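Basis for what follows: all heavy atoms, side chains included, without hydrogens, waters or symmetry-related copies. Bear in mind the structure is a predicted one, so any value in this text is a computation, not a measurement. Note that ligands are numbered from 1 as they come in the structure, with each ligand's atoms numbered from 1 the same way.
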Amino acid sequence: MLSYPSFVGYSRKLMTLTMILKNGKMLLGMKNRGMGKGKWNGFGGKVEPNETIDDGAKREVKEECGLDVISMEKIGIIEFEYVGSKEILEGHIYSCYLFSGDIIESDEMAPIKWFKIEDSPCNQMWIDHKFWFPMILKNIPFKAHFKYLNDDTMLDSTIILTNSKEKLKEPWVNVIIKKDNQIILLKNFEESNYFNKHEKVKSGESVEDAAIRYLKSHYKIHDAVKVQKIAVVDIEFIDKQFIQEINVFVLDVSKINKYLQNEDFRLLDINIIQANKLWLDNKFFSTLLMMKPFKAYFLMDEDNILCSKYDNN
Ligand SMILES: COc1nc(N)nc2c1ncn2[C@H]1C[C@H](O)[C@@H](COP(=O)(O)OP(=O)(O)OP(=O)(O)O)O1
């Protein structure tokens, strides 16, 4: 369901961006002019007409921070689009762990500093950085598109992993019980993200049967209970070889009390859920509670969402 935009009729400008890394740190320079002025970034710029993209990347590193690249690896290609422009900036993104020489600040980039990866100055960097940097660290090839309204407002992002052999899908279920304006959480719900734990679908079992099994194992429910499948959510972790397919069912018990007698659960107001960190993102619960079937896709690095897409058709 993850569709990637195409740019027929657009011109392209080739650019490079090299992230220099060493011992858990990355080298960043503060851009003092032109594109990205006032932002910390890796080193790079436009590819010149008579050079290869790799050579352009090495030249820019030398010009902007004085270092000679000994070896580098291209990890991703990012297409940057600005609303209203018919030019795509095609950024070739490299990692470099082997280099020589001394750091020399340039007119264009100063100061230049090593930052611990976990202390990167995110709020003074391009918004897109946090979405693709995990792939640089884990050496996972990717292709991405980021659509900007202006330098500080991103409207849309798409990331696809380009090395993925077709990943296998692993079906799971989850059942949300809704009572009026409240959601029922089981005692073992994930405190951090307000969601009951998912249950794996057994081999040969339908997702519908798994949903009923899930309900029966947690609540005293009537055999004839009707659950409604509302969402299929594909969750791809960048470093796992399978995609978790969560089939999310909803059981609305607003008018039926008998299912919920003597149970060990907690009721949570939807407004409270929406004001807090939710399972996945802010849009998920509100879309779910509209009760119209939808599909969603999330690309994750541990707990961080790198890309999310909804398909409500
Ligand atoms: C739009 O979002 C961007 N995100 C990120 N992470 N990086 C970006 C974005 N737009 C541009 N960049 C990078 C790509 C290049 O590394 C530099 C821009 O290079 P510049 O335009 O300064 O190119 P130069 O050839 O160095 O420019 P001069 O002609 O001034 O030498 O930023």
Before signing off on this row, confirm whether [X] and ligand 1 have an N or O atom pair separated by under 3.5 Å.
{"X": "His129", "result": "no"}
{"X": "Glu108", "result": "yes"}
{"X": "Tyr82", "result": "no"}

In this structure, would Ile93 and Val69 fall into the same cluster of hydrophobic residues linked by side-chain contacts under 4.5 Å?
no
Contact between Thr16 and ligand 1, counting heavy atoms under 4.0 Å?
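Yes, Thr16 has a heavy atom closer than 4.0 Å to ligand 1.
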Check whether any heavy atom of Lys39 sits under 4.0 Å from an atom of ligand 1.
no
Among all the protein's non-hydrogen atoms, which is closest to [atom], and how far away is it?
{"atom": "atom 10 (N) of ligand 1", "value": "Met35 CE, 3.3 Å"}
{"atom": "atom 30 (O) of ligand 1", "value": "Arg33 NE, 3.6 Å"}
{"atom": "atom 6 (N) of ligand 1", "value": "Asp128 OD1, 2.9 Å"}
{"atom": "atom 21 (O) of ligand 1", "value": "Lys46 NZ, 3.4 Å"}
{"atom": "atom 22 (O) of ligand 1", "value": "Lys31 NZ, 2.6 Å"}
{"atom": "atom 13 (C) of ligand 1", "value": "Asn41 ND2, 3.7 Å"}

Just checking, is any N or O donor in the side chain of Glu60 or Tyr94 under 3.5 Å from an acceptor N or O on the other one?
no
If only side-chain N and O atoms count, and only distance matters, is there a donor-acceptor pair under 3.5 Å linking Ser254 with Asp252?
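Indeed, the side chains of Asp252 and Ser254 share at least one donor-acceptor pair under 3.5 Å.
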Give the contacting part of [X] toward ligand 1: side chain, backbone, both or neither, where contact means a heavy-atom distance below 4.0 Å.
{"X": "Glu63", "answer": "neither"}
{"X": "Met15", "answer": "side chain"}
{"X": "Met125", "answer": "neither"}

Lys295 vs Asp234, side-chain contact (heavy atoms from CB on, under 4.5 Å): CA-CA, chis, key distance, verdict:
CA-CA 8 Å; Lys295 288 185 178 170; Asp234 283 349; over 6 Å; no
Closer than 4.0 Å to some heavy atom of Gly45 - which atoms of ligand 1 meet that?
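In order of number, 15 (C), 16 (O), 19 (O), 23 (O), 24 (P), 25 (O), 26 (O).
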For Glu64, the atoms of ligand 1 under 4.0 Å from one of its heavy atoms are 26 (O)
For residues 27-37, tabulate all N or O donor-acceptor pairs below 3.5 Å that involve a side-chain atom, not counting sequence neighbours.
residue	atom	partner	partner atom	Å
Lys31	NZ	Arg33	O	3.2
Lys31	NZ	Met35	O	2.7
Asn32	ND2	Ala110	O	3.0
Arg33	NH2	Glu108	OE1	3.4

Can you list everything that forms a ring pair (Phe, Tyr, Trp, His ring centres under 6.0 Å) with Phe242? Sequence neighbours excluded, please.
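With neighbours one apart ignored, the set is empty.
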Measure from the side-chain N and O atoms of Ser6 to the backbone N and O of Val8, and report whether any donor-acceptor pair falls under 3.5 Å.
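Checked: no pair found.
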Selected option - heavy-atom contact closest to atom 5 (C) of ligand 1, from Tyr148, Phe146, Trp126, Phe43
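Looking at heavy atoms only, the winner is Trp126.
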Test of ring centre spacing under 6.0 Å for Tyr148 and Trp126
yes
Are the ring centres of Phe7 and His145 closer than 6.0 Å?
yes
So do Thr158 and Pro5 actually touch side chain to side chain, heavy atoms under 4.5 Å?
yes
